[in-house]
Amino acid sequence: MSAVFAVKRLTEPSLHTWRAASIELRTEPLFVLTDNNQMKKPNVLLITSDQQHWYTLGVQNPEISTPNLDRLAQRGTLFTRAYCPNPTCTPTRASIITGQYPSQHGAWSLGTKLPEDSQTVGEIYRKNGYRTGLIGKAHFHPLLSSDDHESLESYPLLHDLDYWRKNTGPWYGFDHIELARNHTDEAHVGQHYAIWMEEKGLKNWRDYFQIDNKPPQEHTWTIPEEFHYNTWIAERSNAMLERCAENDEPFFLWSSFFDPHPSYLVPEPWDKMYDPDKITVPQGQAGEHEKNPPHFQLTQQNPPPDRSVYEAYNESGYATHGMHSHLQDRASLAKDVAIYYGMVSCMDKYIGQILDKLDDLGLADNTLIVFTSDHGHYYGHHDLIAKGPFHYEDGIRVPFIASLPGTIPEGRRSDDLVSLVDLAPTFLSQCQIDAPPTMSGIDQTKVFAGQEKPSRDHVIVEMRHQPTAMHLKTYINQRYKLSVYFNQDYGEMFDLEEDPGEFNNLWDSLEHQALKQELLLKFLHAEMGKEPLWMPRIAHA
């Protein structure tokens with residue numbers, strides 16, 4: 001058994017020596033010293049959900065049960081003001097591994113692709129002796145049409161299991177990948193998940209998915225839980241943890257879950273876990289969208305009286321997410337919310353299996369664990385459903401828990417601002433690896449440890465679904481939020497202290513024009529400040 005000691009790095013950047021520090025005063029990122037005094041590099045485990053509202057954790061919301069995420073929060077710090085850099089999947093996921101904003105790394109929207117030569121956090125870890133892995137959803141490639149095979153997430157390649165048996169990495173900095181693409185019973189199931197189902201004995205796995213024009217299922221997914229992708233992700237993540245423990249390798253592992261992203265579908269018994277009549281269904285306020293940009297009003301029309309308004313948001317034949325009617329009766333929405341909660345609780349069970357494996361292998365004390373989601377979700381908030389070009393807190397805030405025993409305070413809640421673009425540089429810093437100057441995110445290591453004031457006074461969220469039709473950016477500080485639309489006079493401004501529900505858009509309020517000008521200037525400064533200076537200056541001329 002290895003003896004564990006805290007170690008603290010000398011502050012002088014030119015020194016590479018280390019000294020012992022008090023076990024009680026673990027004030028900087030830790031390495032573990034083994035009995036022969038060799039430094040053991042800390043591990044990093046990133047666990048993500050997909051499209052999970054920030055308030056769907058039992059530790060915050062008594063209507064939902066997430067015992068395993070709750071115990072992770074008790075072992076670490078719950079950050080209540082964490083934000084995604086973009087409220088859609090591909091841009092944010094690319095930001096997580098590059099430490100850059102979508103406008104910088106290039107995967108600016110769904111249907112775009114992160115360039116394969118992008119510098120990623122996994123690549124840096126590999127160069128520093130880490131084993132890197134990604135199990136679950138990636139979505140760094142676009143899903144293209146069936147006659148274009150450029151993407152690994154396109155048909156028919158998704159279903160070519162012989163191809164995927166041979167393709168397990170390296171990929172985007174990950175030594176080992178096991179991927180899938182579908183949400184619930186979607187037709188684009190395949191890749192390593194389908195291989196696993198076959199190996200587990202489910203030869204007829206196609207019967208449970210919308211392949212061969214089978215209709216979608218509703219609420220109750222007939223697939224047995226033992227073949228659900230939650231089971232697959234937990235099992236394969238644990239297999240990598242066991243391999244790293246056996247080989248005494250430090251690791252960076254991303255366990256990437258698909259739920260609770262709609263459609264609203266979950267196996268028994270989770271489909272009956274929540275009573276639709278006993279859960280709170282959010283809703284908007286009458287007339288709240290009258291002060292908002294025109295696309296908000298469009299969501300409350302069925303059908304929209306002027307189709308040209310709708311078509312303006314769908315350039316080049318590609319629809320913009322959310323640009324449709326969001327009207328839904330409360331009874332059917334309550335059933336959807338009950339299933340959404342069931343999806344979260346089912347996922348929590350399998351996250352617990354990964355956490356248990358870390359404990360069983362003796363890895364937990366030397367592993368930084370972060371749980372978060374790629375973006376939020378609307379299930380009635382502001383009378384909206386799912387996602388779209390709306391930067392309310394419900395769509396851009398994410399659940400966020402960070403844990404590292406002895407370094408990150410236990411059972412703490414923090415309202416410090418955090419962005420998912422900060423993950424890559426923070427992970428590297430925690431392992432005493434310098435982040436490259438290409439990364440725009442901020443090192444949050446000391447903030448995680450509760451050692452200093454917030455390192456951020458703002459966050460920025462981007463949205464660009466089409467080249468010109470829907471392009472907005474949002475600036476958020478501790479109190480205010482400002483959203484600006486490209487080439488438009490309209491916008492949004494909310495006082496999150498006086499109006500936490502974001503029902504009163506102050507953009508056109510005459511008494512708030514001075515505040516708007518002040519926030520616009522701060523927004524400009526924030527945009528200038530996030531430009532990466534990748535090339536160091538090496539000469540005067």
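Proximity of the aromatic rings of Tyr83 and Trp54 is defined here by a centroid distance below 6.0 angstrom, and this criterion is not met.
A salt bridge between Asp70 and Arg75 is absent, with no side-chain N of the basic residue lying under 4.0 Å from a carboxylate O of the acidic one. A salt bridge links Asp50 to Lys137: at least one charged side-chain nitrogen sits closer than 4.0 Å to a carboxylate oxygen. Between Lys200 and Glu235, at least one side-chain nitrogen of the basic residue sits less than 4.0 Å from a carboxylate oxygen of the acidic one, meeting the salt-bridge criterion. Using a 4.0 Å cut-off between charged nitrogen and carboxylate oxygen, Lys349 and Glu225 count as a salt-bridge pair. Checked for salt-bridge contact, Asp185 and Lys214 miss the test: no charged N lies under 4.0 Å from a carboxylate O. A salt bridge does not link Lys203 with Glu198: none of the charged nitrogens is closer than 4.0 Å to a carboxylate oxygen. Salt-bridge check for Lys272 with Glu268: failed, with every basic side-chain N at 4.0 Å or more from each acidic carboxylate O.
Considering Arg131, Arg243, Arg126 in turn, Arg131 is the only one that fulfils the salt bridge (Lys or Arg N to Asp or Glu O under 4.0 Å) rule with Glu249.
Using the six-membered ring where Trp is involved, Tyr378 and His381 have ring planes that are perpendicular, over 60° apart on the 30 and 60° scheme. Tyr125 and Tyr130 have tilted rings, their planes meeting at an angle from 30° to 60° on a 0 to 90° scale. Classified by interplanar angle (parallel below 30°, tilted 30° to 60°, perpendicular above 60°), the ring pair Phe448/Phe79 is tilted. Using cut-offs of 30° and 60° for the angle between ring planes, the Trp221 and Phe209 rings count as perpendicular. Ring geometry for His324 against His326 counts as parallel: the plane angle stays under 30°, on a 0 to 90° scale with 60° as the upper cut.
A donor atom on one side chain and an acceptor atom on the other are found under 3.5 Å apart for Gln328 and Asp336. Side-chain contact annotation: Glu153 with His139, donor-acceptor N/O pair under 3.5 Å present.
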